[in-house]
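What follows is a set of notes on a single structure, which appears directly below.
Side chains included, hydrogens not; waters and symmetry mates left out as well; all remaining heavy atoms used. Since the model is a prediction, treat every value here as computed from it, not as a measurement.
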Amino acid sequence: MAKNDNLHNAKEAKKDEFYTQLSDIENELKHYKEHFKDKVIFCNCDDPKYSNFHRYFRLNFEVLSLKSLITTHYNKDGDSYAEKLTREMVAKNKEYISPSLLDKDTIRERERETTSKRILHKLR
C-alpha cells in the first residue's frame, strides 16, 4: 500500500485541501531569513486568503525586510487577481501586516463557505 493513498484518494474525490502548515513554513524558512532582505517575493497560490505562505510572508514582512510581496490567484471562471504589498504601503499603514486583518478576512470567508455548504445540503 502506498504511503500517499490519502493524496490519491483526495485527487479522485477532487478534494485538494492539503495546505502546508504555517508552523512547517516557519520552521523551514527560519534558516533563510537573511536571504529575503530587499527581495520581491512572488507567491503564486490557490488563494492568498488561505495560503500559509502568503500569511507567513505578510506577517513577517518587516522582520524579513522584504521589498514587496506579490500574490496571485487564478480562477479560470473569473475572479483572478493579484495583490501587491510594498514597503511604502506598510510604512503608511501597519494594518497591512496585522494578524487581525488576515484572520478577520479568513474567518469571514470560511463562514460564508460553511453557510453556502449548509444551504446546498438542505436543498439536496
* Lys84 and Leu69: side chain to side chain contact (heavy atoms under 4.5 Å, CB included), yes or no, with the steps? -> CA-CA 6 Å; Lys84 184 174 183 178; Leu69 171 62; over 6 Å; no

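- Scanning for salt bridge (Lys or Arg N to Asp or Glu O under 4.0 Å) contacts around Glu62 gives Lys94, with sequence neighbours left out.
- Residues passing the ring pair (Phe, Tyr, Trp, His ring centres under 6.0 Å) test with Tyr56: none are found, sequence neighbours excluded.
- Between the CD atom in Glu28 and the OG atom in Ser23 there is a gap of 12.0 Å [rounded to 0.5 Å].
- With sequence neighbours excluded, no residue forms a side-chain hydrogen bond (donor to acceptor under 3.5 Å, both in side chains) with Ser65.
- Scored by the salt bridge (Lys or Arg N to Asp or Glu O under 4.0 Å) test, Glu26 finds no partners at all (sequence neighbours excluded).
- Here salt bridge (Lys or Arg N to Asp or Glu O under 4.0 Å) pairs that include residues 29-43, with residues two or more places apart or in two chains, are Asp38-Arg87.
- Within the structure, salt bridge (Lys or Arg N to Asp or Glu O under 4.0 Å) contacts touching residues 64-73 (residues at least two apart or in different chains) do not occur.
- Considering every non-hydrogen atom in both Ile97 and Arg58, the closest pair reads CG2-O, 3.1 Å.
- Between Glu83 and Pro48, the shortest heavy-atom distance links the atoms OE1-CB, 4.4 Å.
- In this structure, Ile70 shares a hydrophobic cluster with Val40, Phe42, the cluster being traced through Ile, Leu, Val, Met, Phe, Trp and Tyr side chains under 4.5 angstrom apart.
- By the ring pair (Phe, Tyr, Trp, His ring centres under 6.0 Å) test, Phe53 pairs with no residue at all, sequence neighbours left out.
- Sorted by first and then second residue, the pairs that involve residues 58-87 and meet ring pair (Phe, Tyr, Trp, His ring centres under 6.0 Å), not counting sequence neighbours, are His73-Tyr81.
- Looking at Leu66, Thr71, Leu85, Ile25 one by one, the single match for side-chain contact (heavy atoms from CB on, under 4.5 Å) with Phe57 turns out to be Leu66.
- No hydrogens or angles considered: nothing links the side chains of Asn52 and Thr20 as a donor-acceptor pair under 3.5 Å.
- Evaluation of the side-chain hydrogen bond (donor to acceptor under 3.5 Å, both in side chains) rule for Asn93 yields no partner, not counting sequence neighbours.
- One finds the CG atom of Asp24 at 10.5 Å from the CG atom of Leu29 (value rounded to the nearest 0.5 Å).
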